[in-house]
2 protein chains.
Amino acid sequence: MPRAATTSDAFNAVAEPRRRDILNYLALQERAVGDIVDSLELEQPSVSKHLRVLRDVGLVHVRRDGRRMLYRTNAEAIRPLHEWSSTFERLWSNQLLRVKQRAELKSGTSNNSDHNIGQPRNTKQPKEDA
Amino acid sequence: MPRAATTSDAFNAVAEPRRRDILNYLALQERAVGDIVDSLELEQPSVSKHLRVLRDVGLVHVRRDGRRMLYRTNAEAIRPLHEWSSTFERLWSNQLLRVKQRAELKSGTSNNSDHNIGQPRNTKQPKEDA
DNA sequence: TTGACATATTCCTGTATGGGTATATGTTAT
DNA sequence: ATAACATATACCCATACAGGAATATGTCAA
């Protein structure tokens, strides 16, 4: 099986840098395709294709204005991504803290006691190691 | 050109659901490959391959323990993802707010005044529309 | 209707997957 | 040295890109 479709979810859609650029660009104002082409310096067909993907995943909204199509980022659709990454937020604080502590007191006192993100499905806790 | 390599950055690496599962699993404790295999119910070679990708992107740390390899999530490497998605945080609040406002007062008073994420490169502002 | 303008879609192609299976590499125990 | 255990790599394959070029679709203007 190849990689999952870019249209399968926000994670896959956003993996492409140009699409992130587009989302940034469309975050505050709705814009016409031509504006994206000019501003991001991409080929028009390329932009249309990227927009197609973003649209399929719900990352952008579209509206017709005469002959133009106005796109705008749908921030809501980015939330899952943000929430998933937030799961690790406190971890990197801890990790930095740990490094600090190790540097200050040169004794090996490890503190391990975070929260939920542990076992996903089976919850089949092996030995343990830290 | 096909899609960018999964090892090109965290965004691409994390696009694969199994890899996110693995990162979740390795978030709190370092674990041996076999434990991941058992817990996530994946084939061993598959897990090794995913770990290879995660390792190349710096999303996990490895350490040898006898014949076992102990992996652990490197939360730091997830930050870029979190920061990018955070850019849109206030937007979805605003969008929800807007919907609310529209529902309450049925007059069309749009408020547009966010922050930076607008033009990426050229800064070629078209008309305006909200 | 015809043409200009704006955007979308189609076709073609090289390539990097991810899964499955088999096998190589590395480490410990006997 | 040999076998068992733990992981990593190598192969093979079907597939979904993403870019480029050409063309189709849709809308407004004259």
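The sequence lines fix the lettering, A, B, ..., with proteins before strands; numbering per chain opens at 1.
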For nucleotides 14-19 of chain D, list the nitrogen or oxygen atoms of the protein found under 3.5 Å from its nitrogen or oxygen atoms, one pair per line.
{"residue": "D/dC17", "atom": "OP1", "partner": "A/Thr6", "partner atom": "N", "Å": "2.6"}
{"residue": "D/dC17", "atom": "OP1", "partner": "A/Thr6", "partner atom": "OG1", "Å": "2.7"}
{"residue": "D/dA18", "atom": "OP1", "partner": "A/Arg19", "partner atom": "NH2", "Å": "3.4"}
{"residue": "D/dA18", "atom": "OP2", "partner": "A/Arg19", "partner atom": "NH1", "Å": "3.3"}
{"residue": "D/dA18", "atom": "O4'", "partner": "B/Met1", "partner atom": "O", "Å": "2.6"}
{"residue": "D/dA18", "atom": "N3", "partner": "B/Met1", "partner atom": "O", "Å": "2.8"}
{"residue": "D/dG19", "atom": "OP1", "partner": "A/Arg18", "partner atom": "NH1", "Å": "2.9"}
{"residue": "D/dG19", "atom": "OP2", "partner": "A/Ser46", "partner atom": "OG", "Å": "3.4"}
{"residue": "D/dG19", "atom": "OP2", "partner": "A/His50", "partner atom": "NE2", "Å": "3.3"}
{"residue": "D/dG19", "atom": "N7", "partner": "A/Lys49", "partner atom": "NZ", "Å": "3.3"}

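Note that B/Arg31 lies in the cation-pi zone of B/Tyr25, set by a 6.0 Å cut-off to the ring centre and a 45° limit from the axis.
Between A/Glu43 atom CD and D/dT23 atom P there is a gap of 16 Å when expressed in whole angstrom units. Here the C1' atom of nucleotide D/dA10 and the CD atom of B/Gln44 are 13 Å apart, to the nearest Å. In this structure, B/Leu51 atom CG and D/dA8 atom P are separated by 6 Å, rounded to whole Å. Rounded to an integer number of Å, the gap from CD of B/Glu30 to C1' of D/dT7 is 16 Å. In this entry the distance linking CZ of A/Arg64 with P of D/dT25 reads 14 Å, nearest Å.
For the pair B/Tyr71 and D/dA8, the criterion of a side-chain N or O lying under 4.0 Å from OP1 or OP2 is met.
In this structure, A/Val47 and B/Pro45 both approach DNA chain C, and ranking their closest nucleotides by distance from the 5' end singles out A/Val47.
Of the possible polar contacts, one joining the A/Ser86 side chain to the A/His82 backbone as a donor-acceptor pair under 3.5 Å is found.
You can see that DNA chain C meets the heavy atoms of chain B within a 4.0 Å-exclusive cut from C/dG14 to C/dA29, reading 5' to 3'.
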Report task. For B/Arg63 and B/Glu30, run salt bridge (Lys or Arg N to Asp or Glu O under 4.0 Å): C-alpha distance rounded to whole Å, both residues' side-chain angles, the deciding distance at 0.1 Å, then the answer. Result -> CA-CA 9 Å; B/Arg63 176 169 80 85; B/Glu30 56 179 358; 2.5 Å; yes

Quick one: side chains of residues 54-61 of chain B, donor-acceptor pairs under 3.5 Å with protein atoms, not counting sequence neighbours, listed by atom name and distance.
{"residue": "B/Asp56", "atom": "OD1", "partner": "B/Arg52", "partner atom": "NH1", "Å": "3.4"}

